[in-house]
Every structure is written in C-alpha cells, then in structure tokens.
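Contents: one structure, followed by commentary.
In what follows, every chain begins at residue 1, and chains take the letters A, B, ... in the order their sequences are listed.
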Amino acid sequence: MELLSELTKEKNVLCVRLTGELDHHTALELRTELDEALKDEDVHHMLLNLEDLRFMDSSGIGVILGRYKTIAAREGEVVVCAISEEVNRIFEMAGMYKVLRLEEGEKSALRTLGVA
Amino acid sequence: MELLSELTKEKNVLCVRLTGELDHHTALELRTELDEALKDEDVHHMLLNLEDLRFMDSSGIGVILGRYKTIAAREGEVVVCAISEEVNRIFEMAGMYKVLRLEEGEKSALRTLGVA
Amino acid sequence: MKNEMELSIAALSQNESFARSTVAAFVSQIDPTMEELTELKTVVSEAVTNAIIHGYDENPNGRIFIQTSIEEDVVTLTITDQGKGIPNIQTAMEPLYTSKPELERSGMGFTIMENFMDEVSIQSTETTGTTVFLKKWLTKSTLPSN
Amino acid sequence: MKNEMELSIAALSQNESFARSTVAAFVSQIDPTMEELTELKTVVSEAVTNAIIHGYDENPNGRIFIQTSIEEDVVTLTITDQGKGIPNIQTAMEPLYTSKPELERSGMGFTIMENFMDEVSIQSTETTGTTVFLKKWLTKSTLPSN
Ligand SMILES: Nc1ncnc2c1ncn2[C@@H]1O[C@H](COP(=O)(O)OP(=O)(O)O)[C@@H](O)[C@H]1O
Ligand SMILES: Nc1ncnc2c1ncn2[C@@H]1O[C@H](COP(=O)(O)OP(=O)(O)O)[C@@H](O)[C@H]1O
C-alpha cells in the first residue's frame, strides 16, 4: 500500500486524490486505474489533487503526461492543485506547466473547470 | 538522538525515564550518565520507567545489571515499571526478576520505595 | 567520521521505495534537511528505476548495487547495474530523451539527477553495465553524530 | 514471489539501528505482525552487535554482511563477519556465557536469537570469521505484496 488513489467524478471532471508515493512501481497501478476511469467518455477534464502525495519521481511525469494526451484529445484540461514544493520543482523541470494548469486548492480548481 | 534519558531524584530514589531505543550503541552513553548520577551516595534505589522505550536488546540487560550491582552494594532496590511485552520477554529470558522488582506504574512503584 | 554502506537488491520495482528509504535512513545520521533528503530519495529512485527498466529490461534476475558514503557534509552515491549499458551517454543525458517512450518514460531521470545533486557522472559499457556516480554537499549540515 | 537484499555496513555501533531498521523495512513487504518485526529487529541487533564487539573487537574497519530473503511467509537472515571467529560454539551458545563481562555483556545474545527465531545455526572458523543463519516462519502472513 504505497500509493492510494481516490477517484471521484464531479460533473465532467475526473477528480484524482493521491496519497503516498508515486514512483515507477506505483505508476503502473495508477495508469491502469486512470485509464479505466477515462473509458467514461463523459469525462472531459482531470483534476489532480496532490496534497497528500509525499513523494514523486519522473515516473509520475510520465503517467500524468500519458493521461493528458487522452484529455487533450477530448479538448479538456488537466489541472493540478495542492502541489508540494519538491513535486513542483520536478513539474517545472519537465515543463509540465506548458500543458497543464496549476491551482491552489481543490475548490478553486473545480470552479475554474465549471463545477460550482 | 536514538535514546533519551530523563533522570530525576525523588528522595533517595533515582528515577530514570527512557525514550527511544536501547542497544549497544546507546547503552554506552546511558551507562556513563547513570554512573554519573549514582556518584550521589544519597541515592539508594533506582526506578526504571520503560514506558517510552520502543526497542531494547541484550545490551540493555547488561547496562541494567551493571547499575544493579552499585545499588545492591548500597542495599537498595532496582524497580522497573511500565514495561512493554517484548522487553518483558527479554527480561524474563535473562532471569532479571531474580534481582529486580516489577511494578505497573511509576506512582505505585515510587510508593513501594517509600516516596509518597 | 566517515561511514559507508552498500546495498544490493533484486531488480524488482517494489524495491525502488525500499532502496530510496534505506539511503535516506543512512544519510539521516548527518542531519540533512527534509528538502535534501527528498532530493536524495528522488535521485536514488531515478537511478534504480533506470537500472530496472533500461539496464535489465525488467528482468528480475538482475541485481542493483547501491553504495552510499557520508563524510562530514558530503554524500556520495554509486548506483551500478550489470545490464545492457548506454550506447550514447550524451544523448541519454539530454532532457526529455528516452529510449522507451512506449513505457511512458519522460526522459527526465538524468535531468533530475543533475538538478538535485552537485556532481553527476556516468560510466557505461555496452553489455557490461552502467554506474552512476552522484555527489552532494549538504548545506545545513551539523557535525557527524559521532 | 521471492525477494532478496544484501547489506554491507562498516562495523560501527551507530550502524546497529540502521541495520535492524533496514531489515525491518525490507521484511515489511510480506506484512509481518508488529511482534514479529520487533523479534526480527532484536535478532539483527544481537548478531550485528556480536560482529562489532566480538568478531572485530570494535575495529571500525571491519565489515558486516546482512543478507535477507523473504519468500512466501519465510524470512531468512544471514549475518556474516570476517573477524576472529568463535573458538567453541557450544560454550558460546550457553545462556549467560560471555567472553566479555568487562564490557557488561550479558551473554544473552544467542539465547534471544534461539527464542525469537525458528532456526538458528552458526558457522565459525577461527581467524576467518562467523556466519549466523536465522530463519523464521511468519504466522499471520498474507500473500506477498506482488
Ligand atoms: N542504467 C541504464 N542502463 C541502460 N540505459 C540507461 C540506463 N539509465 C539510463 N539509460 C538510458 O538513458 C535514457 C535517459 O534516461 P532518463 O533521463 O533517466 O530517462 P527515462 O528513464 O525516462 O528514459 C534512457 O531512456 C535509457 O535509454
Ligand atoms: N560474531 C562473533 N565473533 C566472535 N565471537 C562471537 C561472535 N558472536 C558471539 N561470539 C562469542 O559468543 C559469546 C556469546 O555471545 P552472546 O550470547 O551474544 O553474548 P554476549 O554478546 O553478551 O557476550 C560471546 O561472548 C563471544 O565470545
């Protein structure tokens, strides 16, 4: 039990709350889970709440970019919120903010995606 | 900071509260500290409160028996309280209860040593 | 006082977290900051993952060797595999370059190592394997705990 | 699935706690109970301390090798030093026997190992060193986490 992911759907947004450590090992499980949820074609956007993500390495970048492609094909957005300083540095190094948007909290992030 | 020891004197009892892990490495420091405190010849008894001792191996047996000798020479008692099940098993294996007495809590232990 | 340990693990992905926390536990002896500890964990994770995915093509019979030494405020890491090696180190180190896009690798492993460590050097021979040397000077270090 | 790691440390007393927590972290993969974990930590601590004090007479240049393997619900530990060896294993294993009473050793190390593990065996040659083999079947084990 190294990574827990809580998935909920708010209107057309897939909300993903990650708890624990995201590395190559846990990325494999997460990818499967997210792809399952993204089979639901009503989902247009994805919101990643990283508040309880204690660790992430470059495997996390890969798994997020992979799902971004699906969302982008639906002309949706990927929004990240509650990111830690360390994870933010990795996001910046990888140029992630060219394709995804950063918000402070889950509430405000959802609002920008049209969920009240 | 693997082992913290808090030493106080209640009447003629040296009270020792151990927090952390007692092994060969930390036993060396503890021995020095206890021997320093036992230079005070008013000390007749020693009370070991092991409530916050998370780990102990046979090095702990050695350091306690060594101090027991000093106390026994003064015709005092060594009393142990708030011991965990694991540490208790090691005490029993080593036959520690032939020379020292077990009490549940610090208060009752102090009372048996004549401290109100 | 100098202290040193060597860890050898099977090339299994569940050992990635074990490897990085073991290095972190060892380095904790010289009181790194939480940030430095996270950086060290991240680079160990990157190098061990590379050995598993690239060095051994996920063959669990491979072994990975992680040497850690601490001396005063300097941490040295050496992560070695006896896998297939890197044909072109220059190319491999370019940000975003990956030879395994099909596994959703991001090509950011070496870039992260270079950002989080003070020295990175790679030695690799095709068919005999790869060694990554990493070095970091801790900033807020105190004297070694002994 | 079987998993295995090997740790090599300098014979420094501050590595005793590092060694036992590393073994505990590794074995955690197969969900031991807290009690079993404490027992494993204790025996690692005993064997590593013996290597430092008896095997190497506290010479920090000595190295200690700790091999841990987990397979289903069985934990196997092998702790090796290349120190002075044990002249008489029978005597050494007797409860309360110690060759270093002046260091306040209690002579309980091997007794604890025998109580906390299901199998204990010792191999030792004077001048070439000592290996302690330890084996434990976990009771409340679940399937390996992979
Ligand atoms: N231990 C290794 N053995 C063989 N090839 C490696 C190793 N480490 C890295 N490489 C090569 O270097 C490339 C870049 O590595 P890296 O920057 O970590 O990105 P990524 O792991 O995401 O591909 C890899 O795609 C691979 O081709
Ligand atoms: N690794 C070792 N190398 C050499 N001698 C050892 C080793 N381990 C144990 N011994 C011998 O066996 C004796 C008993 O060990 P043990 O039961 O652990 O008690 P203690 O460590 O308290 O002396 C030691 O006093 C020592 O003489």
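Highest contact tally toward chain B, considering only D:Pro95, D:Ser17, D:Gly109, is held by D:Ser17 [criterion: heavy-atom pairs under 4.5 Å]. Contacts with chain B were tallied for D:Lys41, D:Glu104, D:Met108; D:Glu104 has the most, counting heavy-atom pairs under 4.5 Å. Looking only at heavy-atom pairs under 4.5 Å with chain D, the residue among B:Arg54, B:Glu85, B:Arg67 that has the most is B:Arg67. Options D:Leu96, D:Ile112, D:Thr111 differ in how many heavy-atom pairs under 4.5 Å they form with chain B, and the most are formed by D:Ile112. Taking chain D as the reference chain and counting heavy-atom pairs below 4.5 Å, the highest number among B:Ile90, B:Asp23, B:Thr26, B:Val63 is found for B:Asp23.
Closest non-hydrogen pair, D:Leu134 versus D:Met117, comes out as CB-CE, 3.5 Å. When all heavy atoms of D:Ser106 and B:Gly62 are compared, the closest pair comes out as CB-N, 4.1 Å.
For a residue to count as touching a neighbouring chain, one of its non-hydrogen atoms must lie under 4.5 Å from one of that chain's; by this rule D:Leu103 touches chain B with the backbone only. Contact annotation for D:Glu114: neither backbone nor side-chain heavy atoms come within less than 4.5 Å of a heavy atom of chain B. Of the atoms belonging to B:Arg89, it is side-chain heavy atoms, and not backbone ones, that fall under 4.5 Å from chain D. Contact annotation for D:Glu39: only side-chain heavy atoms (C-beta onward) come within less than 4.5 Å of a heavy atom of chain B. If you measure heavy-atom distances from D:Thr49 to chain B, the contacts under 4.5 Å come from the side chain alone.
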D:Tyr56 and D:Ile64: CA distance, side-chain angles, deciding distance, side-chain contact (heavy atoms from CB on, under 4.5 Å) verdict = CA-CA 10 Å; D:Tyr56 293 120; D:Ile64 303 162; 4.0 Å; yes
List the steps and the verdict of side chain to side chain donor-acceptor pair (under 3.5 Å) for D:Gln82 and D:Thr128.
-> CA-CA 5 Å; D:Gln82 297 161 339; D:Thr128 59; over 6 Å; no
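In the model, D:Glu16 has no side-chain atom that pairs as donor or acceptor with a side-chain atom of B:His25 under 3.5 Å. A donor atom on one side chain and an acceptor atom on the other are found under 3.5 Å apart for D:Thr139 and D:Glu36. Side-chain contact check for B:Tyr97 and B:Asn88: at least one donor-acceptor pair (N or O, by modelled atom type) lies under 3.5 Å.
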